[in-house]
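Here is the structure we will look at.
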Amino acid sequence: QVQLVESGGGLVQPGGSLRLSCAASGRISSINGMGWYRQAPGKQRELVATISSGGSIKYADSVKGRFTVSRDNDKNTVHLQMNSLEPEDTAVYYCNADRLRYFDYRGWLVEDDVWGQGTQVTVSS
């Protein structure tokens, strides 16, 4: 009944840029936080960047100064501008909506933590 749709992933050379986008769809009432997580092969999933509905932003130390997260509350979208990409940024990037409130098929208000299916980002020469 709700889903996150990601776009913008792909293959890019070191030093290049990509812009990831994520849109939440459904009968959404509100979303507390939206952001991005990533998981590289053999590693645990880690936070990349999050932004609250009020605009509070958190970045992983490894991406500070290179990545920028932004959000449009009215459109229920979140974006991740990735510059100066490095091979270490290669991972599956997952969009997350924290404490997303939506109306289910019965008309009940439900709160849940929603994840996208992930989009592959590969940084390689």
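Numbers here are sequence positions counted from 1.
- No side-chain heavy atom of N96 sits less than 4.5 Å from a side-chain heavy atom of V114.
- Rounding to the nearest 0.5 Å places CD1 of I57 at 10.5 Å from CZ of R71.
- Two residues are said to be in side-chain contact when any heavy atoms from C-beta on lie closer than 4.5 Å; V121 and T90 fail this criterion.
- Put simply, the side chain of T50 does not reach to within 4.5 Å of the side chain of Y59, judged on heavy atoms.
- In this structure, P14 and S125 approach most closely via the heavy-atom pair CD-N, 3.7 Å.
- The two residues G26 and V2 make their nearest non-hydrogen contact at CA-CG1, 4.2 Å.
- Within the model, atoms OG of S25 and NZ of K75 stand 15.0 Å from one another, a figure rounded to the nearest 0.5 Å.
- V78 approaches C95 most closely through the heavy-atom pair CG1-SG, 3.8 Å.
- Taking OG of S62 as the start and CD of E46 as the end, the distance is 5.5 Å to the nearest 0.5 Å.
- When S17, S70, S21 are each tested for a side chain to side chain contact (heavy atoms under 4.5 Å, CB included) with Q81, only one passes: S17.
- R66 places a side-chain N or O within 3.5 Å of a backbone atom of S84 that can act as its donor or acceptor partner.
- Distance check, rounded to the nearest 0.5 Å: CD of E88 to NZ of K43 gives 7.5 Å.
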side-chain contact (heavy atoms from CB on, under 4.5 Å) for F103 and S29? Distances and angles first, verdict last. CA-CA 7 Å; F103 293 96; S29 176; 4.2 Å; yes
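- Residue S52 holds its OG atom at 12.5 Å from CD1 of I31, rounded to the nearest 0.5 Å.
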Run the side chain to side chain donor-acceptor pair (under 3.5 Å) check on Q120 and T122 step by step: do they pass? CA-CA 6 Å; Q120 178 70 49; T122 302; 3.3 Å; yes
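- Relative ring orientation between Y94 and W115 is described as perpendicular, the plane-to-plane angle rising above 60° on a 0-90° scale split at 30° and 60°.
- Annotation for Q13: atom CD does not count as buried by contact number, only 12 or fewer foreign heavy atoms lying within 6.0 Å.
- Annotation: Q1, atom CD; neighbour count of heavy atoms from other residues, nucleotides and ligands within 6.0 Å is above 12.
- A salt bridge links R38 with D89: at least one charged nitrogen is closer than 4.0 Å to a carboxylate oxygen.
- Taking every heavy atom of both residues into account, H79 and R19 meet most closely at CG-NH2, 3.3 Å.
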L100 and D113: CA distance, side-chain angles, deciding distance, side-chain contact (heavy atoms from CB on, under 4.5 Å) verdict: CA-CA 6 Å; L100 186 155; D113 192 26; over 6 Å; no
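- Not a single donor-acceptor pair under 3.5 Å links the side chain of Q3 to the backbone N or O of G116.
- I28 and L4 fall within the same hydrophobic cluster, where Ile, Leu, Val, Met, Phe, Trp and Tyr residues are linked whenever their side-chain heavy atoms come under 4.5 Å apart, directly or through other members.
- Within a 6.0 Å sphere centred on CZ of R27, heavy atoms belonging to other residues, nucleotides or ligands number 12 at most.
- Going from atom CG of N32 over to atom CD1 of I51 covers 11.5 Å, rounded to the nearest 0.5 Å.
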Begin from the C-alpha positions of L80 and F67 and carry the test side-chain contact (heavy atoms from CB on, under 4.5 Å) through to its verdict. CA-CA 7 Å; L80 185 68; F67 291 10; 4.1 Å; yes
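- Put simply, the side chain of L11 reaches to within 4.5 Å of the side chain of S124, judged on heavy atoms.
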Give the C-alpha distance, both sets of side-chain angles, the deciding distance and a yes or no for side-chain contact (heavy atoms from CB on, under 4.5 Å) between W36 and V69. CA-CA 9 Å; W36 298 90; V69 66; 4.3 Å; yes
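- Scanning for side-chain hydrogen bond (donor to acceptor under 3.5 Å, both in side chains) contacts around D74 gives an empty result, with sequence neighbours left out.
- Nearest heavy-atom pair across L47 and K58 is CD1-CD, 4.0 Å.
- Contact of the Y93 side chain with the M82 side chain is registered, since non-hydrogen atoms from C-beta on lie closer than 4.5 Å.
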